[in-house]
Amino acid sequence: MNIPFLNFSQMHTKIREKMVNAFEEVYDSNWYILGEKLKEFETNYAYFSNVKYAIGVSNGLDALHLSLEALSINEEAEVIVPSNTYIATALAVSFVGATPVLVEPDIKSYNIDPDKIEAAITSKTKVIIPVHLYGQPCQMDKIINIANKHKIAVIEDNAQAHAAKYKGKITGSWGDINATSFYPGKNLGALGDGGAVTTNSQELAKKVSILRNYGSEKKYYNQTIGFNKRLDELQANFLNVKLNYLDEWTCERKKIANIYNAELKGVGDLKVPYVIEGASHVYHVYVIRSKKRDELQKYLFKKGIGTLIHYPIPLHLQEAYSKLGFKAGDFPIAERLANTSLSLPLYPGLRPEEQEFIISSLKSFFNG
Ligand SMILES: *Cc1c(COP(=O)(O)O)cnc(C)c1O
């Protein structure tokens, strides 16, 4: 068998005709930037996310950056981010000149530990960016209570958790302003780069929509130093099609995850994902943990099973952040996760016999 870590082909074959049609609509419209298809997607995505406003932007990193810009975060600020996340969360903070302050995750859920946030807050702290890592929502009620108490803003990094819910409320609707990504491999993915900002604040929505378009609301009248960080008509219209399938695809992800959970629990020293109470986990990636991770990854590779490590090097040990002055041992939980985590194939269209082969391979690695 040859089972890649990610394969779009089942998903994309099914919607091929609709996607080709979406391409033709834009192609024939003669209008490719900031047009009707983007407006349609923004309306659809705001509705889906249960917020008043969605603003389509160029990618997830830019969605985070524009959210920080809209909140006027600058060099003087500190911004709390989890110590285990994709580097984009911290990079956006660095773009505005602010300092990322790392807070360790909870070892069970892998998400930022709300009980450790207050110790990291100083008079300079302006924002907390919880990341719904791997598709599991953070404990947003606790995080928002802390933020309110200290008059700090919250930006959800919702790049990995489209359609996830915590206590019945969808992610991307909790924070003051929230960022997501439509990178092809995300649960809702474009056919190229894309992202969005979601908010209930008319003022913040307006700021983002001006900043993404050269700081201009009216063509050739520039009111602020802006950027070119727009979502184009083609990607917006592809997303209009794919958004209709997101709930179905999310269900399929959960089904596959539940089979892994049931079959892999208790095998060797494997740890399967722990879902916190009140969370609806959407399994952007299915992460298991083992002390024999590297050996296991090699074994699966030999069997034709693709796996990835999310993420092999924690933020504080990345060369890009050497100037923060951290060393190995400073964030032991993030380091432990980096050394033991392994992501298995999980995507809509993964066939039952493929999943069975992955499971039996894992069992044979541990049980011989
Ligand atoms: C993918 C991702 C981003 C960045 O999104 P891009 O569209 O690739 O720029 C940000 N944060 C997290 C947690 C991500 O997984």
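In each ligand, atom 1 is the first atom listed, and ligand 1 is the first ligand listed.
A donor atom on one side chain and an acceptor atom on the other are not found under 3.5 Å apart for H284 and Q136.
Ring to ring, F238 and F41 are not that close: their centroids are 6.0 angstrom or more apart.
A salt bridge links K149 to E118: at least one charged side-chain nitrogen sits closer than 4.0 Å to a carboxylate oxygen.
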Please tabulate, one line per pair, the protein nitrogen or oxygen atoms found under 3.5 angstrom from a nitrogen or oxygen of ligand 1, with distances to 0.1 Å, or say none if there are no such pairs.
residue  : atom   : partner : partner atom : Å
ligand 1 : 5 (O)  : S181    : OG           : 3.3
ligand 1 : 7 (O)  : G60     : N            : 2.7
ligand 1 : 7 (O)  : S181    : OG           : 2.7
ligand 1 : 9 (O)  : G60     : N            : 3.3
ligand 1 : 9 (O)  : L61     : N            : 2.9
ligand 1 : 11 (N) : D157    : OD1          : 3.3
ligand 1 : 11 (N) : D157    : OD2          : 2.8
ligand 1 : 15 (O) : Q160    : NE2          : 2.8
ligand 1 : 15 (O) : K186    : NZ           : 2.7

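Among the candidates L188, L239, I55, V51, the single residue satisfying the side chain to side chain contact (heavy atoms under 4.5 Å, CB included) test with Y45 is L188.
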*asked:* Could you walk me through whether K292 and D269 satisfy the salt bridge (Lys or Arg N to Asp or Glu O under 4.0 Å) test, starting with their C-alpha distance in whole Å, then the side-chain angles of each, then the deciding distance to 0.1 Å, before giving a yes or no?
replied: CA-CA 8 Å; K292 295 184 180 161; D269 73 337; over 6 Å; no

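Within the structure, the side chain to side chain donor-acceptor pair (under 3.5 Å) test picks out the following pairs touching residues 49-58 (sequence neighbours left out): S58-D62.
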